[in-house]
Structure formats: C-alpha cells, structure tokens
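Keep in mind it's a predicted model, so treat the numbers as computed, not measured.
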Amino acid sequence: MKEVKASAAWVASQASHVFIDSSDEELKYDHLALGLKRALEHDKSAFDADRLQKYTGPELREMLKWPRPLPLEDERVRLLHEVGRVLEKNFEGKASNLVESCEKSAVKLVALVTRHFPGFRDHTVYKGHQVFLYKRAQIFVADLWGAFKGQGFGEFSDIGSVTIFADYIVPAVLQHFGVLNYSASLASMVESNSEIGSGTEEEVELRACSIHVVEMMKDLIQIKYGKQVSSVELDLWLWSYGIQLPSLAHHRTLSIYY
C-alpha cells in the first residue's frame, strides 16, 4: 500500500450513520443522532418499516431540523426506502426479527445485513482484489451490543470478531499518534481539505490500514499487558479521542458507507 503504511485500530441507530458525511464540516454525528432521537420520542412509529419507505428529502430535513439539502440526499432517501422494503419483505417489518435470526452471532448478523440490504455492501476492488470493509453493518452490531450492554438484543457470543468501523476519524487519530504514516501526496490532500474519492486507492488504504493496525494493537496489548480488548472498545476510545480534537485533520470523502 503506497499511500498509507502501518508502523506498529438498527434502523434507528443506523439511520444516523446513513447521513454521516466527512465532507460537510457542520453535519456532525451528535446533531443527526439528536434529531433522530427527538423524532422517535415525538412519534414512536417514525421508523416503522412502512414509514421508512415513504420519506422524502424535505421530510428528512424537517426531522433533523437541517436548513438545506443533505449531502447525497436522494441516495439517502433511497437507502431508507430500501431498509423499509427489506424489513417488510423478509422480517415482518421488524428489525428485532432480523437481530433474533442471527442466533447471537455478530458474524451472522453482519452477513445477514449485507446479504439482504444492498446499501450496506461496503466493498470495493483494490488493485484487482475485492476488499470488504462493512463499516455500517459492523457498527450496527456494536451499537446493539453497547446499547443493550451485551444482553438481550445486544448479546453476541463472538463480538470479538467485529473489526473497527473504518471511516474518517480513526485514521486521523492513528496518524496523529504516528501509528499511520501518510505519503507526502496524501498528507497534502488531507491538509488542504481536498476531496478523496470513494473507492479510490487512497481512500481504501486509509480505511484498510486503520483496520489492520488496530488488530495489531490488540495483539500487542495482549502480549504486553495480558489483557484482551475488543476492536469495538478500541474504536470507541480512538473515535472519542478524535472528536475532542477540533483541529484534527481528516480525509474528506463523500460516501454512503461512513
């Protein structure tokens, strides 16, 4: 990988990830999550499968109290419609049925999500090889695990199989710590806020190297301290650290997969 080198990381919960866009400085996770939470508190049926199939762009903006068109708005609406249709067709309209069908396996749930929901198939071709990143499918599992504290809908016997959720904050934190080294050309693109296309070599390397290096970190922690930590826990720590650094330079990619 020439640009980055490693030198040593539902429906309601997923809706917030659907809208994340690293190219829009004002559109933040907390803003979106709060808007969706308010919508659900105001109307308990806001994310029912039949409702998801009917939302329009302006209705989503109103729900989120957002003053202008969302990035990739038409595509976001299409994805919400897709989620509603698939839930209705295959899971009796209930995300809980989707979760229960995985038999408490994180790996099976990721496979189910990517099999049934095309919008979650976060993979690309890198130098002739197919690369599977599956950020949103995996973070769906992690959100359930965290929200339910590993019990009920959040109980997974293999949560350790989930990798980090590669988007734009974690690579920036790893670079900040000197764990990832960017090439001069990539560093220039990041520092100048130039857009890096979705599926380009640079973008795939940023995300894939972040996953690889965090797996290495897990092994090193086990060897040095005798402690087992999950990628989910490391991702949460890295992400939380990153959002506290307002000046942190991160790559900018317009994508439905972040």
Side-chain angles (χ1 to χ4, degrees), residues 9-20 28-49 52 64 83 86-87 91-117 120 122 133-170 173-174 210-211 214-215 217-222 225-244 257-258:
W10 176 274
V11 179
S13 66
Q14 278 306 294
S16 59
H17 299 296
V18 165
F19 293 106
I20 294 300
K28 298 298 184 183
Y29 174 86
D30 288 344
H31 176 100
L32 299 168
L34 181 59
L36 294 167
K37 180 180 178 181
R38 286 172 178 164
L40 192 59
E41 289 175 341
H42 177 72
D43 180 358
K44 298 300 183 184
S45 67
F47 300 128
D48 285 0
L52 289 174
L64 299 171
V83 169
V86 174
L87 285 176
F91 302 99
E92 300 179 353
K94 297 180 180 179
S96 57
N97 289 337
L98 165 66
V99 176
E100 289 174 341
S101 65
C102 80
E103 301 175 328
K104 303 187 186 302
S105 169
V107 171
K108 287 184 179 179
L109 185 51
V110 170
L112 278 170
V113 170
T114 54
R115 181 190 312 153
H116 288 284
F117 300 87
F120 284 78
D122 178 13
L133 298 165
Y134 290 164
K135 185 259 184 177
R136 286 174 46 231
Q138 291 197 103
I139 206 170
F140 170 45
V141 174
D143 283 348
L144 288 169
W145 179 74
F148 290 94
K149 303 185 186 305
Q151 303 296 317
F153 289 123
E155 182 181 353
F156 300 103
S157 60
D158 55 353
I159 191 65
S161 299
V162 174
T163 72
I164 64 160
F165 323 117
D167 51 21
Y168 62 102
I169 289 292
V170 172
V173 174
L174 294 173
S210 297
I211 293 171
V214 172
E215 291 302 306
M217 289 168 63
K218 285 170 54 180
D219 293 341
L220 288 172
I221 291 171
Q222 172 67 36
Y225 300 104
K227 294 183 179 180
Q228 287 188 331
V229 295
S230 68
S231 296
V232 175
E233 293 167 320
L234 283 173
D235 183 279
L236 178 60
W237 186 87
L238 292 165
W239 185 83
S240 299
Y241 185 90
I243 62 174
Q244 296 177 52
Y257 296 121
Y258 283 20

Report yes if the side chains of L36 and F47 come closer than 4.5 Å at any heavy-atom pair, otherwise no.
yes
Is the closest side-chain donor-acceptor distance between T163 and Q138 under 3.5 Å?
yes
How far does CZ of F153 sit from CZ of F148, to the nearest 0.5 angstrom?
6.0 Å
Please name the pair of heavy atoms, one in K218 and one in S230, separated by the smallest distance, quoted to 0.1 Å.
CD-C, 4.3 Å
Can you give me the closest heavy-atom contact between Y241 and V173, atom names plus distance?
CD2-CG1, 4.0 Å
Kindly say whether F91 contributes a backbone atom to a donor-acceptor pair with the side chain of N97 at under 3.5 angstrom?
yes
Separation of W145 CH2 from Q151 CD (nearest 0.5 Å)
11.0 Å
Determine whether more than 12 heavy atoms belonging to other residues, nucleotides or ligands lie under 6.0 Å from atom CD of Q222.
yes
Indicate the atoms forming the closest heavy-atom contact of I169 with G242, along with that distance.
CG2-CA, 4.1 Å
Among V107, V141, L109, side-chain contact (heavy atoms from CB on, under 4.5 Å) partner for C102:
L109
Within this structure, what is the CD-CD1 distance for the pair E215 and I164, rounded to the nearest 0.5 Å?
8.0 Å
What is the distance from atom CG of D235 to atom CD of E233, rounded to the nearest 0.5 Å?
11.0 Å
d(F140 CZ, F120 CZ) to nearest 0.5 Å is 7.5 Å
Where the side chain of D158 meets the backbone of A106, is there a donor-acceptor pair that is under 3.5 Å apart?
yes
Between atom OH of Y258 and atom CG of D122, what is the distance when rounded to the nearest 0.5 Å?
8.5 Å
Could you check if a side-chain atom of V232 sits within less than 4.5 angstrom of a side-chain atom of F165, using non-hydrogen atoms only?
yes
Which atom pair, heavy atoms only, marks the closest approach of A137 to T114?
CB-CG2, 3.9 Å
L64 vs L32, test: side-chain contact (heavy atoms from CB on, under 4.5 Å). Steps then yes/no.
CA-CA 6 Å; L64 299 171; L32 299 168; 3.8 Å; yes
Evaluate whether atom CD of E41 has more than 12 neighbouring non-hydrogen atoms of other residues, nucleotides or ligands under 6.0 angstrom away.
yes
Shortest non-hydrogen contact between A46 and A39, atoms and distance:
CB-O, 4.0 Å
